[in-house]
2 protein chains.
Amino acid sequence: MHTLSEENYLKCIYRLWQDRGQKITPTAIAEWLGNNPASVVDMIRKLTDKQLIIYDKKKGVELTPQGQKDATLIVRRHRLWEVFLLEKLGYDWDEIHDIAEDLEHIKDGTLADRLDKFLGFPEYDPHGDPIPRANGKMAKRHSTTLADVKHGTLCRVAAVKDTTSAFLQYLQKLDINIGTKIQLIEKIQFDGSLVISIAGGERTTVSQKFGENILIDM
Amino acid sequence: MHTLSEENYLKCIYRLWQDRGQKITPTAIAEWLGNNPASVVDMIRKLTDKQLIIYDKKKGVELTPQGQKDATLIVRRHRLWEVFLLEKLGYDWDEIHDIAEDLEHIKDGTLADRLDKFLGFPEYDPHGDPIPRANGKMAKRHSTTLADVKHGTLCRVAAVKDTTSAFLQYLQKLDINIGTKIQLIEKIQFDGSLVISIAGGERTTVSQKFGENILIDM
DNA sequence: ATATAAAATTAGTCAAGGCTAATTTTATAT
DNA sequence: ATATAAAATTAGCCTTGACTAATTTTATAT
Ligand SMILES: [Mn+2]
Ligand SMILES: [Mn+2]
Ligand SMILES: [Mn+2]
Ligand SMILES: [Mn+2]
């Protein structure tokens, strides 16, 4: 079994891997985790020894099939606990991530599956991210962002990329949740700002960065 | 905040303290945790520095008011999670303790209280141990064991002292749960064995050790 | 092609929390 | 009172997973 730290690295690598198709470097991992690159190099050696990753200076870090499997399970636990915290314990959107960050490391053979069943086999977590199934498969991730669509498009908030409470609280203030309908009225050439209408309401302007962190459906 | 290890020591000391009125020695702690006495001496120093315990060679280890408070909260979390695992996730009696051993260390300001509410403010955990309330108070612990009563007494299983799966599985086999009525038919002089009738059924003989681990009501 | 900057790696340090082995202190039995 | 046993403590070592500082490798711009 893996240590808490190994699991956090695994999950980070998994995250970076499916985020973009980019090369996963020690520096990228270090930045994501807020650790020193030297520490990352140490851990890369450990995970390599455990055959969870392969590290090639050219290709960067890649998960082995076993590494993928293990990372997926951690993500599954994380997202299931998030659903539990929100739905059953009444936490807010922006509070659940940090607690799930710890709960995801509780290791028990049947815990995730029982929790899954208890929650009614949810497909998505409260941030709109798909929850890996017991068999490792999971629903498609949304990939189009609000910043990607043409002006005039009416879309539906499917997920959020950023899960910091700064962003989530801003969304709360704007009354945006998963499922909220947003119409893109205009893109400002100058800085990519977006003029939008939330749930048919009046016009609001948000930054490009904001738009890039909203994943949408149509 | 305390580390996982500090919390486990605190809880252990709390346990030994309310178990009997006996002196809490490094050796006793070491035995309970399965650690080396040398390690215990180290941790005693740390907890003393944090003002959670007072150690006197004569009196042994004692919890300070703060130490008591902190230990109580850990126990509260442990027992609430046990209720959750049994009632909501359908685990068996003998499986919940080890998982709760990890869950009890999840630290969040409101988690215990929310869980408590979600579970309907249970007074006792699945082993019959009282759950400390949010204010630190808790219901009286049961203290009379099946081995203590006179022959002929009809009593009710209120709690179990031992929570190992060996004991709990044995109880399952005998069809004994919290609330089960047991009549003590006879005490065998020779070795303290107990002849009992479970829920009005036929006679069964159990050991003295068995009887000492069943706490009862009348 | 070379200078410079960035990234990766190595070497050495640290704290936490274990351990063993050796020693000192305390208790117990003669 | 003394010998012996048990308990407590000290000293030194180990692993994990961080860090900093120094060095080497790789990439980039002139
Ligand atoms: Mn985590
Ligand atoms: Mn999430
Ligand atoms: Mn524990
Ligand atoms: Mn219990």
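Letters A, B, ... mirror the listed sequences (proteins, then strands); counts begin at 1. Keep in mind that the numbers below use all heavy atoms, side chains included, and drop hydrogens, waters and symmetry copies.
- One finds a salt bridge joining B:Glu104 and B:Lys11 here, because a Lys/Arg side-chain nitrogen approaches an Asp/Glu carboxylate oxygen to under 4.0 Å.
- Residue-level contact check: B:Arg45 touches the backbone only, with heavy atoms under 4.0 Å from sugar-phosphate atoms and none from bases.
- Following rounding to the nearest Å, A:Asn36 (CG) and D:dC19 (P) show an atom-to-atom distance of 5 Å.
- The residue among A:Lys46 and A:Lys58 whose nearest nucleotide of DNA chain D lies closer to the 5′ end is A:Lys46.
- C:dT23 is paired with D:dA8 under the criterion used here, namely a Watson-Crick or G-U wobble arrangement in which both key atom distances are under 3.5 Å.
- In this structure, B:Phe84 has its ring center at least 6.0 angstrom away from the ring center of B:Tyr91.
- Checked against a 6.0 Å centroid threshold, the rings of A:His2 and A:His105 do not count as neighbours.
- Comparing D:dT9, D:dG17, C:dC19 against the side chain of B:Asp42 picks out C:dC19 as the nearest.
- B:Asp56 places its CG atom 14 Å from the C1' atom of C:dT26, with the value rounded to the nearest Å.
- One atom, CD1 of A:Ile44, and another, P of C:dA7, lie 14 Å apart when rounded to the nearest Å.
- Distance from the side chain of A:Glu6 is smallest for D:dG17 among the nucleotides D:dG17, C:dT9, C:dA16.
- By the 30° and 60° cut-offs, the orientation of the rings of A:Trp81 relative to B:Trp81 is perpendicular.
- Atom CG in B:Leu4 sits about 9 Å away from atom P in C:dG17, given to the nearest Å.
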Please evaluate residues A:Arg77 and A:Glu7 with respect to the criterion salt bridge (Lys or Arg N to Asp or Glu O under 4.0 Å), reporting the C-alpha separation (whole Å), side-chain torsions for both, the decisive distance (0.1 Å), and the verdict. CA-CA 12 Å; A:Arg77 294 191 298 232; A:Glu7 288 194 345; 3.3 Å; yes
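- Among D:dG17, C:dA16, C:dT10, the nucleotide with an atom closest to any side-chain atom of A:Val41 is C:dT10.
- The interatomic distance linking A:Lys59 (NZ) with C:dA7 (P) rounds to 22 Å, in whole Å.
- You'll find the side chain of A:Leu194 stays beyond 4.5 Å of the side chain of A:Glu186, heavy atoms only.
- Between B:Phe167 and B:His127, the ring centre distance reaches or exceeds 6.0 Å.
- Pair check for D:dC14 finds C:dG17; Watson-Crick or G-U wobble, both atom distances under 3.5 Å.
- In this structure, A:Ser39 reaches the D:dC19 phosphate: one of its side-chain N or O atoms is under 4.0 Å from OP1 or OP2.
- By the 30° and 60° cut-offs, the orientation of the rings of B:Tyr170 relative to B:Phe210 is perpendicular.
- Taking atom CE of B:Met43 as the reference point, atom P of C:dA16 lies 10 Å away to the nearest angstrom.
- Residues of residues 8-17 of chain B that place a heavy atom closer than 4.0 Å to DNA chain D do not occur.
- Contacts of B:Ser5 with the nucleic acid, taken as non-hydrogen atoms under 4.0 Å apart, involve only primed sugar atoms and P, OP1 or OP2.
- Rounded to whole Å, atom C1' of C:dT26 lies 9 Å from atom NZ of B:Lys23.
- Between the NZ atom of A:Lys57 and the C1' atom of C:dT10 there is a distance of 13 Å, rounded to whole Å.
- Of all nucleotides present, only C:dT28 satisfies the Watson-Crick or G-U wobble test against D:dA3, with each distance under 3.5 Å.
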